[in-house]
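Just so it is clear: chains get the letters A, B, ... in the order the sequence lines come, proteins before strands, and each one is counted from 1. Computed over heavy atoms, backbone and side chain alike; hydrogens, waters and symmetry mates excluded.
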Amino acid sequence: MIDSRSLLGIENLGRDEIASILNRASQFSLEKPQPILSGRRIVLLFYEPSTRTRVSFEMAAKALGATTYLVHATASSIEKGESLLDTGLTLHAMGAEAIVIRHPSSGAPAFLARHLDILIVNAGDGMHEHPSQALLDAFTIREAKGRIEGLKIAVIGDIFHSRVARSDVHLLSRFGAEIVMSGPPELVPDVAVTLAPGLKLTRDVDEAIAGADVVMLLRVQKERLGGLPIFVERYVAEYQMTPARLARAKPDALVMHPGPMVRGMELTDAVADSSRSLVLRQVRNGVPVRMAILARALAN
Amino acid sequence: MSSLLIRNGWVVDPASNFEAHADVLVREGLIAQLAPAGQIAGADEVFDARNLVVAPGFVDLHVHLREPGQSHKETIATGTAAAAAGGFTSLCCMPNTDPVNDLPAITRWMLQPERGAVVNVFPIAAATVASAGERLTDFAALRREGAVAVTDDGKPILHEGVMRDALSQASLVGIPVIQHAEDTALTKGAVMNQGPRAFRMGLRGMAAEAEWKLVRRDIQLARETGAHLHVAHISTAAAIAAVREARQRGIHVTGEATPHHFAMIDDDINDYDANFKMNPPLRSRQDRDAVIAGLLEGTIDAIATDHAPHALYEKRQEFDRAPFGIIGLETALGLAFRILHAERGMALPQVVRLLTTGPASVLANTAVGARGSLRVGSPADIAIFDPAARWKFDASKSKSKSRNTPFDGWELHGRVTATLVGGRWVFRD
């Protein structure tokens, strides 16, 4: 039986659970450490490079008084061919109480949770989910707009390869946002609308943006556009977020991006650096939201 | 050799359209007599088959016995023991061993008594050297050593010219080419069926088109060469439709389907458990229904298990890293009875046909063709099972060396009581 205090994804997390994490996050901040996890041992197990998620979880753990241990795939026995399960068993035997895991394989956190008697927090798995990002996105939207329900949110870019998109769509649609996805078929296949009830999909980005309260952009990697310069040019022409495009959204519309941004690809400098951009607010909110996630997992 | 009388059973032999309450006399390893119950006086040994079905031993066109080279997964001895427990008396084993079975010497090695097989083993040889898809193997020499078909299973023959040559050569020696139909150019990195479930799980999916496109091409080549194409583990509605149409046009195409493809769909994949990972993958509900329809109407000739054992440590990995394949010999009958017979109304003789004379006639020109029947004079390969049994499959009790199955704990219908190969008991429950 998987411990319900683990956080594996948004899909199977109830609305009340989500609301309680968000409410708890609003009581936390980096500036006001609360040592409720004093002496607790949290391992950050990272199989992929990461800046913001790793540092943010680390700061969150330390602000709660926990001790963190960072294990990187490239500087550990993992490079010598140790299996994920054996790595997990080893960390467990050493006394780790929770593992925050980032892994390139979808389902790796669920796999560990099923085979190990230890709390697991998913810090991003393959193309599957990135629940802490979705929670901080929801927290940021609530903070800026006062609500999620009834907002029109355009999600634009590489949804197929994005764990953030899957988690965001699960969460925001569950809280009553109207979600419109947009992007070329290779990045937003038709099947994307089956992810949650009531999703919309349009290939016309202007239609997706029209009247939007929030424009959420996702990273677009050149190599996923078929490898030819012409595809990149077409993406930029048809989907890149520019000030002119953004003018179609509501006057008080906000722009979000989970990072890392590819400037000149999914958005222009002018959009990235505009006063409407919530990008750094998202990063900042990552810490209290992850404090809430870790407190939920480990605090009695 | 002594004689054995199997008495009072419900004898079902689809090869001779026989179904009756009858006695079967076995002498010197052969079926000696079939008579209405009570008419055969006696024998050295008597087996009371009251309330049991007495059927020809099952024939599996598609198993991976892993020897030579991968004996940590399975051996010919353990794989055939699992077969006997599942009522199978003849196994056609795939050539993707290490080394690949592309030489007569390897085929011969598989058939040596030292391997410890308890049921009949019929090797299927590689169609191309090392299954690399380039140079054909020596079909005639392989056939002389006992190979009953050729295939590059798991590594589909994509090159059209090579496939055409393989079909022509196979036709000359009287065996089919078996194709694992998957255009691998379309399935790079894919680990399950393409569709809503794969999208939700964040896994790359195999499109149905990767199967049916190759099936269509191969059918065209079979038409042009007049050769016999056998489609392995067919799993999509469109591929089944293509086979149906080809057969109506008189093209020599046969097909097999696995129990897991008629018992489960992609939505059943449980929490990234790699015991639900196989190739072809669990498909959509529509595909599953098409597989059942194909079996019911006869477009698909045989149930084949694609028994593919893997060690625990190989399967207990991240879903996208674990190898494809599940074991299937001990669950095939129970799944066929539960899904096809109990839930879909397939008559008992047809279930038995799909496990016996159906597969045997796919390889009619070979030694397999003589199996799967209770006709007098046939080898006494017999499966005796309780059709009314309801039982829970316990993977930990499997006779296979491996445990990789999604059916652990499943309720199955119909349970094998005893199995005979050439008149010898090879399994008694």
task: Run the numbers on L203(B) and M127(A) for side chain to side chain contact (heavy atoms under 4.5 Å, CB included), then give the verdict.
output: CA-CA 7 Å; L203(B) 294 171; M127(A) 309 187 321; over 6 Å; no
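- Shown here for V191(A) and G195(B), the closest heavy-atom pair between the two residues is CG2-C, 3.7 Å.
- Here A192(A) is the residue among S162(A), A192(A), A108(A), G9(A) with the most heavy-atom pairs under 4.5 Å with chain B.
- Environment of NZ in K152(A): crowded, with over 12 heavy atoms of neighbouring residues, nucleotides or ligands closer than 6.0 Å.
- For a residue to count as touching a neighbouring chain, one of its non-hydrogen atoms must lie under 4.5 Å from one of that chain's; by this rule E11(A) touches chain B with the side chain only.
- For a residue to count as touching a neighbouring chain, one of its non-hydrogen atoms must lie under 4.5 Å from one of that chain's; by this rule D320(B) touches chain A with the side chain only.
- With contacts defined as side-chain heavy-atom distances shorter than 4.5 Å, the pair Y272(B)/S106(A) qualifies.
- In this structure, the side chains of Y313(B) and S83(A) stay at 4.5 Å or more apart for every pair of heavy atoms.
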message: For a side chain to side chain contact (heavy atoms under 4.5 Å, CB included) check, start with the C-alpha distance between H161(A) and R204(B), then their side-chain angles and the critical distance, and finish with the verdict.
response: CA-CA 10 Å; H161(A) 297 96; R204(B) 289 173 198 276; 3.4 Å; yes
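- For L85(A), the part lying under 4.5 angstrom from a heavy atom of chain B is the side chain only.
- Contacts between L112(A) and chain B at a heavy-atom distance below 4.5 Å are absent for every atom of the residue.
- Heavy-atom contacts from other residues, nucleotides or ligands closer than 6.0 Å to CZ of R390(B) number more than 12.
- Proximity to chain B is absent for every atom of R163(A), based on heavy atoms less than 4.5 angstrom apart.
- If you take CZ on F199(B) and CD1 on I159(A), they are separated by 6.5 Å, rounding to the nearest 0.5 Å.
- No part of A113(A) comes within reach of chain B, as not one of its non-hydrogen atoms sits under 4.5 angstrom from that chain.
- For the side-chain contact (heavy atoms from CB on, under 4.5 Å) with L84(A), the lone residue among Q317(B), R321(B), E318(B), R316(B) that qualifies is E318(B).
- Interface remark: of the candidates E129(A), H115(A), R114(A), R114(A) forms the most heavy-atom pairs closer than 4.5 Å to chain B.
- With hydrogens and angles disregarded, no donor-acceptor distance shorter than 3.5 Å links the side chain of R166(A) to the backbone of M201(B).
- Within 6.0 Å of the CG atom in D117(A), the count of heavy atoms belonging to other residues, nucleotides or ligands does not exceed 12.
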